Amino acid sequence: MSLIDLVQRVPLGYTTVQYDGRTYGLQRQNFNNGKSVKVFAQELGGTDFISFNFYQTSQGGQLKPCEMPAPKVLAFLRAFTLKKVKK
C-alpha cells in the first residue's frame, strides 16, 4: 500500500481505533483542499501517541512525523483498525 493510501485510510474527523491491543482516539484534519493532512492519535488511558503531518507535493507525498521516528508512524498506519461499536 502506498503512503498516500495509508494516509487516506485515516477517517476524517475523530474516531476510535485499535492498535497493538490498545485503544486510541484518532483525529484527522485536512487543509489546503486536502493537500495537507494533520493526524494525531492518543492512546486512551495510556501515554502513547502518534502525530504527523502529510503533504502532497508535485514530487509526491511527504510524511513529516512529529517527535517520533517515521517507522513508528508507518507501523500504526498499516495496522490500526476501526473500533467496533457495541449495539
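Computed from a predicted model, the values in this text were never measured in an experiment.
Using a 4.5 Å cut-off on side-chain heavy atoms (C-beta onward), Arg9 and Met1 make contact. Residues Asn53 and Ser36 have side chains not in contact (no heavy-atom distance under 4.5 Å, counting atoms from C-beta outward). Between Leu44 and Thr16 there is a side-chain heavy-atom pair separated by less than 4.5 Å.
Remark: Arg78 CZ to Asp5 CG distance equals 12.0 Å, nearest 0.5 Å.
Here the shortest heavy-atom pairing between Leu63 and Ala70 reads CD2-CB, 4.4 Å. Here the shortest heavy-atom pairing between Phe76 and Ala41 reads CZ-CB, 3.8 Å. Of all non-hydrogen atoms in Phe52 and Pro65, the two that sit nearest each other are CB-CA, 3.8 Å. Pairing each heavy atom of Ser51 with each of Val73, the nearest pair is O-CG2, 4.3 Å. Of all heavy-atom pairs between Tyr19 and Ala79, the closest is CE1-CB, 3.7 Å.
A chain of hydrophobic side-chain contacts below 4.5 Å, direct or via other Ile, Leu, Val, Met, Phe, Trp or Tyr residues, connects Ile4 to Val10. Residues Tyr14 and Leu77 do not share a hydrophobic cluster, defined by chaining ILVMFWY side chains whose heavy atoms lie under 4.5 Å apart.
Around atom CG of Asn33, no more than 12 heavy atoms belonging to other residues, nucleotides or ligands sit under 6.0 Å away.
The backbone N or O of Pro11 lies less than 3.5 Å from no partner atom in the side chain of Arg28, so there is not a single donor-acceptor pair. Using a distance-only test at 3.5 Å, with no hydrogens or angles considered, no donor-acceptor pair links the side chain of Arg22 to the main chain of Glu43.
Put simply, the residue from Val17, Asp20, Leu6 that forms a side-chain contact (heavy atoms from CB on, under 4.5 Å) with Phe80 is Val17.
Ion pair Asp48/Lys72 flagged as a salt bridge, since at least one NZ, NE, NH1 or NH2 atom sits closer than 4.0 Å to an Asp/Glu carboxylate oxygen.
In summary, the side chains of Thr23 and Gln18 do present a donor paired with an acceptor at a separation below 3.5 Å, with no hydrogens or angles considered.
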